[in-house]
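Report on one structure; see the data block that follows.
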Amino acid sequence: MHRWSQLFIPTLREAPADAEVASHKFLVRAGYIRQVAAGLYSYLFIGQRSFNKIVAIVRQEMDTIGQEFYLPALHPRELWEASGRWAVMGDNLFRLKDRKGAELCLGMTEEEVMTDIARKELRSYKQLPQIWYQIQSKFRDEPRPKSGLLRVRQFLMKDSYSFDLDPAGLDVSYQKHRDVYRRIFDRCGLKYMIIEAHSGAMGGSQSEEFMVRTPAGEDQIVSCENCDYAANLEKATSKLAPVTDLALEGDGSPLEVHTPGQKTIEDVARYLGVSPKNKIKTLALMAAEKDPKTGKSRPRPVILLMRGDHQMNEAKLSSAVEGRETRPMEAKEIEDLFKSPAGFLGPIGIDWAKDMKDVDRPVLFVDKALEGRSNLISGANREDYHVKNITPGKSFHPTAYADLRSVSAGEGCPKCGSPLRIDTAVEIGHIFKLGYKYSESMGARVLDKNGKEVTPIMGSYGIGIERILTAAVEQGNDDNGFWLPAAIAPFEIVVTSTNVRDENLKNAAENIAQRLESSGYDVLLDDRDERPGVKFKDADLVGIPYRVTVGRKVTEGTVEVVQRSTREMTDVSIAAITEYFQGKLRPAL
RNA sequence: CGGGGAGUGGCUCAGCCUGGUAGAGCACCUGGUUCGGGACCAGGGGGUCGGAGGUUCAAAUCCUCUCUCCCCGACCA
């Protein structure tokens, strides 16, 4: 029996000054967590209890498809060199040296260690498929930890890895994870959505994220109000309303117009009396390109053309340039390429690269929204001049058309055309078809039926344990505190006796708590010698879904049951208390 | 890394501009009253004012450097 009077549950009347989001404020106030340093938290008794419940659910469900390992958090440099990530991860990877000077890092994920086991141990197709998982602390030297447990430097993650003989096998492993994740998040009582995700520069094909909508989130997700389309903003596309092109002017060749001092899209559009939708936006960037001879990095111009009213999306740009680092061009670089100051840039008069391998010429990517358009207006590459009658493919030849723009709310769903909405959300899980990246680079091989060496294909799948708790708190809170789904709450019921000095009440509360506990419920008995108000406030704060108030009605043989989320209050006879919760917390299946 | 803000008892904050014996509320300890929504009275303990250096007869307060934390951005399989 857990007695509040004996426990360490340091509740706070006020939120710490540096807490901003609800989950951060409440988890600290409720005594779940305490901050140690930026992005590092201690989990106290009731916090840890809640984490344990989440972990138990994750473990139980994962065991239905995979095998649990426990791998070290400390990894040798060699493994990360082998995968190439020692160089790629940059400052986000915690690095250190041991006494002998050997370099190590703290794992952000465990592809390397898992693949290392696979390459040493897996020999035959008969051993496939495999799904291995673990639940371990992960470390990331975040440039900016924030929002309490939402973005931290050390966190608990369930990560699993699948090894299959072929892509069809990977599809199966991926689908298994998708199903199990749904069960996990359903059991955790979260309202979530599954969205298409950006695969990132790390390669891989299909990728989906499990997202919980909340203003505290960091991701932007696009979803259809009508059908099931949902995608990360980094990936989302939309149907655009048709735009009426301008009429051809003059003899149809590019026609310069004087636009003194008109630099922004809006200025030019207004000055010429056209919509920004008929204007081309020219973005000038430099990408880091490896010189094929010297192997050294050198900047290469990458120019983007967008519809005047559209915004460029960084993730899509990253895909277009195949992961190369990019930065805005400096004024001098712009002058060198365009022979014109910024504000009047355009695609004409420049010899663009035919493809990415054509490294000596500048790259021109044109957003797909401009494909098929005609008689647009762009800068003339001459100060104070713009140019009309610009038609992509005719007036200039792009290196490639690419999806570069960010979707805006209200645009049409790519599936059904209904309006799209954009929300912020927290990512709680991610499933990802990795492909051959790690098995290839680290040299995992098995023999297939024909005795031929083949590289297993991998998937990786993560769940952020802290984020489940955080999302749950964000999803259920009010001015007084929060409530957790019973499955992940530190306790299911708090039994509050209004006055422990009254022997009758004290004994009744003790008795009820005892009975509930022996019926299998997780019960916290608030037996503190505090005024009722204090105990009610604390009960409201700490996230327990039900409160049983043992008070003045005891003489009539009843107690009050309060459901925290709805504040709904029910008088229940003491004799029938366990049955009451049978219906609430253990509904018949 | 760029921009902004903040470091004063355990917590929330005032005091700083205009230098002169460190404050309030909450929390904590003792005694008493109280007991269904964060009680009241009386008494009490607790602070090198983030750190270092400087100016000054005198620094929480002014100056310089530095550390830490928060927010926005950049960053983020």
Side-chain angles (χ1 to χ4, degrees), chain A residues 10-21 24-25 28-29 31 34-40 83-85 88-93 108-112 138 140-148 150-153 155 157 159 161 197-209 216-219 232 234-235 314-315 318-319 323 325-328 427 429-435 437-438 458-462 464 479-481 496-502 505-506 526 528-541 547 549-554 559-560 562 567 569:
Chain A
T11 58
L12 263 30
R13 189 182 292 223
E14 284 167 293
D18 50 20
E20 200 87 350
V21 301
H24 185 193
K25 287 180 187 168
V28 173
R29 279 192 57 199
R34 286 294 184 265
Q35 185 172 31
V36 175
L40 298 174
S83 72
R85 291 209 297 177
V88 172
M89 291 325 308
D91 290 337
N92 264 13
L93 190 62
M108 314 171 70
T109 54
E110 306 270 349
E111 277 84 352
E112 284 79 4
K138 297 296 185 304
R140 296 187 187 181
D141 194 356
E142 291 287 346
R144 184 150 93 84
K146 59 182 282 202
S147 307
L150 219 50
R151 188 162 209 82
V152 287
R153 294 192 291 174
F155 56 97
M157 179 168 158
D159 50 324
Y161 304 87
H198 175 66
S199 307
M202 301 301 285
S205 48
Q206 197 181 1
S207 168
E208 288 169 293
E209 290 164 332
E218 303 187 286
D219 284 279
N232 196 301
E234 296 179 340
K235 166 97 179 179
E314 297 275 354
S318 170
S319 298
E325 290 221 350
T326 56
R327 61 168 172 81
E427 178 187 352
H430 195 169
I431 53 178
F432 190 42
K433 290 183 184 172
L434 261 184
K437 179 176 164 52
Y438 293 88
M458 292 175 60
S460 89
Y461 317 87
D479 291 347
N480 295 310
T496 303
S497 74
T498 55
N499 186 349
V500 293
R501 295 183 184 196
D502 180 326
L505 289 185
K506 189 183 165 195
D526 189 353
R528 294 173 299 168
D529 183 9
E530 288 285 354
R531 296 166 60 84
V534 173
K535 297 166 86 166
F536 293 152
K537 287 287 186 192
D538 273 345
D540 285 349
L541 176 62
R547 183 181 88 212
T549 308
V550 181
R552 53 196 171 205
K553 290 174 188 159
V554 162
V559 289
E560 281 169 17
V562 182
R567 305 226 142 208
M569 207 181 284

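What you are looking at is a predicted structure, and each value in this text was computed from that prediction instead of being measured. All chains are named by letter (A, B, ...) in the order of the sequence lines, taking the proteins before the strands, and each is independently numbered beginning at 1.
Nucleotide B/C49 forms a pair with no other nucleotide shown, judged by Watson-Crick or G-U wobble geometry with both contacts under 3.5 Å. Taking a pair to require two hydrogen-bonding distances under 3.5 Å in either a Watson-Crick or a G-U wobble arrangement, B/G43 pairs with B/C29. Across the strands present, B/A14 finds no partner; the criterion is a Watson-Crick or G-U wobble pair with both atom distances under 3.5 angstrom. The pairing partner recorded for B/G20 is B/C57, the criterion being a Watson-Crick or G-U wobble arrangement whose two distances lie under 3.5 angstrom. Applying the Watson-Crick and G-U wobble criteria (two distances, each under 3.5 Å), B/G36 pairs with nothing in any strand.
Looking at residues two or more places apart in sequence or on another chain, you find a side-chain contact (heavy atoms from CB on, under 4.5 Å) between A/Glu560 and A/Thr549, A/Lys553, A/Met569, A/Asp571. Listed by chain and residue number, A/Asn480, A/Arg547, A/Arg564, A/Arg567 satisfy the side-chain contact (heavy atoms from CB on, under 4.5 Å) test with A/Asp540 (two or more places apart in sequence, or in another chain). For A/Glu142, the side chain to side chain donor-acceptor pair (under 3.5 Å) partners at least two apart in sequence or on another chain are A/Arg151. With sequence neighbours excluded, the residues forming a side-chain contact (heavy atoms from CB on, under 4.5 Å) with A/Pro16 are A/Asp18, A/Ala19, A/Val28, listed by chain and number. Partners of A/Asp479 according to the side chain to side chain donor-acceptor pair (under 3.5 Å) rule, which considers only residues two or more places apart in sequence or in another chain, do not exist here. Under the salt bridge (Lys or Arg N to Asp or Glu O under 4.0 Å) criterion, A/Arg140 pairs with no residue at all, not counting sequence neighbours. Scored by the side chain to side chain donor-acceptor pair (under 3.5 Å) test, A/Glu112 finds A/Ser83, A/Arg85 as partners (sequence neighbours excluded). The side-chain contact (heavy atoms from CB on, under 4.5 Å) search around A/Arg327 returns A/Met286, A/Pro299, A/Glu330, A/Glu333, not counting sequence neighbours. Partners of A/Tyr461 by ring pair (Phe, Tyr, Trp, His ring centres under 6.0 Å), not counting sequence neighbours, listed by chain and number: A/His177.
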Quick test: give all pairs of protein nitrogen or oxygen and nucleotides 45-47 of chain B nitrogen or oxygen below 3.5 Å, distance rounded to 0.1 Å.
none

Between the protein and nucleotides 34-37 of chain B, list the N/O to N/O atom pairs that are separated by less than 3.5 angstrom.
residue: B/U34; atom: O2; partner: A/Arg531; partner atom: NH1; Å: 2.7
residue: B/C35; atom: N4; partner: A/Arg501; partner atom: NH1; Å: 3.0
residue: B/G36; atom: O2'; partner: A/Arg552; partner atom: NH1; Å: 3.2
residue: B/G36; atom: O6; partner: A/Arg552; partner atom: N; Å: 2.8
residue: B/G36; atom: N1; partner: A/Glu560; partner atom: OE2; Å: 3.3
residue: B/G36; atom: N2; partner: A/Glu560; partner atom: OE1; Å: 2.6
residue: B/G36; atom: N2; partner: A/Glu560; partner atom: OE2; Å: 3.1
residue: B/G37; atom: O6; partner: A/Arg547; partner atom: NH1; Å: 3.3
residue: B/G37; atom: O6; partner: A/Arg547; partner atom: NH2; Å: 2.9
residue: B/G37; atom: N1; partner: A/Asp540; partner atom: OD2; Å: 3.1
residue: B/G37; atom: N2; partner: A/Asp540; partner atom: OD2; Å: 2.1

For nucleotides 11-14 of chain B, list the nitrogen or oxygen atoms of the protein found under 3.5 Å from its nitrogen or oxygen atoms, one pair per line.
residue: B/U12; atom: OP1; partner: A/Ala17; partner atom: N; Å: 2.7
residue: B/U12; atom: O4'; partner: A/Glu14; partner atom: OE1; Å: 3.3
residue: B/U12; atom: O2'; partner: A/Glu14; partner atom: OE2; Å: 3.2

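Residue A/Asp538 is tested with A/Arg13, A/Arg29, A/Arg528 for a salt bridge (Lys or Arg N to Asp or Glu O under 4.0 Å); the sole match is A/Arg528. Test A/His198, A/Glu209, A/Glu208 against A/Asn232 for side-chain hydrogen bond (donor to acceptor under 3.5 Å, both in side chains) and you get one pass: A/Glu209. Partner of A/Lys535 under the side chain to side chain contact (heavy atoms under 4.5 Å, CB included) criterion, chosen from A/Thr498, A/Val500, A/Asn499, A/Asp529: A/Val500.
Between A/Arg144 and B/C72, a side-chain N or O to OP1/OP2 separation shorter than 4.0 Å is present.
Of the C1' atoms belonging to B/A59 and B/C49, the separation is 11 Å, rounded to the nearest Å. When the C1' atom is used for both B/C63 and B/A22, the distance is 23 Å, rounded to whole Å. Taking the P atom of each, B/U48 and B/G43 are spaced 25 Å apart, rounded to whole Å. Nucleotides B/A74 and B/U61, compared at atom P, are 37 Å apart to the nearest Å. Nucleotides B/A24 and B/C67, compared at atom P, are 35 Å apart to the nearest Å. B/G53 and B/U12 are spaced 32 Å apart, taking the C1' atom of each and rounding to whole Å. B/G20 sits 14 Å from B/G15 when the P atoms are compared, rounded to a whole Å. Distance check on atom P: B/G54 versus B/C16 gives 26 Å, rounded to whole Å.
Atom CD of A/Glu142 and atom P of B/C70 are 12 Å apart (whole Å). Computed from coordinates, the A/Met108 CE to B/C75 C1' distance equals 11 Å when rounded to whole Å. If you measure from atom CZ of A/Arg153 to atom C1' of B/C69, you get 11 Å, rounded to the nearest angstrom. Spacing between atom CD of A/Glu20 and atom P of B/G73 amounts to 12 Å, rounded to whole angstrom units. To the nearest angstrom, P of B/C72 lies 12 Å from CZ of A/Arg151. In this structure, A/Arg140 atom CZ and B/C75 atom C1' are separated by 13 Å, rounded to whole Å. As a whole-Å value, the separation of A/Lys146 NZ from B/C72 C1' is 9 Å. Nucleotide B/C75 holds its P atom 14 Å from the CE atom of A/Met89, rounded to whole Å.
Side-chain proximity of A/Ala37 to B/C70, B/G38, B/C69: nearest is B/C69.
Among the atoms of the strands shown, base atoms are found under 4.0 Å from some heavy atom of A/Asp538. Here A/Arg29 lies in heavy-atom contact (under 4.0 Å) with a base. Backbone-only engagement by A/Gln35 is indicated by non-hydrogen atom pairs under 4.0 Å involving sugar-phosphate atoms exclusively. The residue A/Ser497 sits apart from the nucleic acid: no heavy atom pair falls under 4.0 Å. Among the atoms of the strands shown, only primed sugar atoms or phosphate atoms (P, OP1, OP2) are found under 4.0 Å from some heavy atom of A/Pro145.
Across all their heavy atoms, A/Gly462 and A/Met157 have their closest contact at CA-CE, 4.0 Å. The two atoms that bring A/Pro145 and A/Gly39 nearest to each other are CB-CA, 3.6 Å, heavy atoms only.
The residue among A/Arg13 and A/Ala19 whose nearest nucleotide of RNA chain B is located toward the 5' end is A/Arg13.
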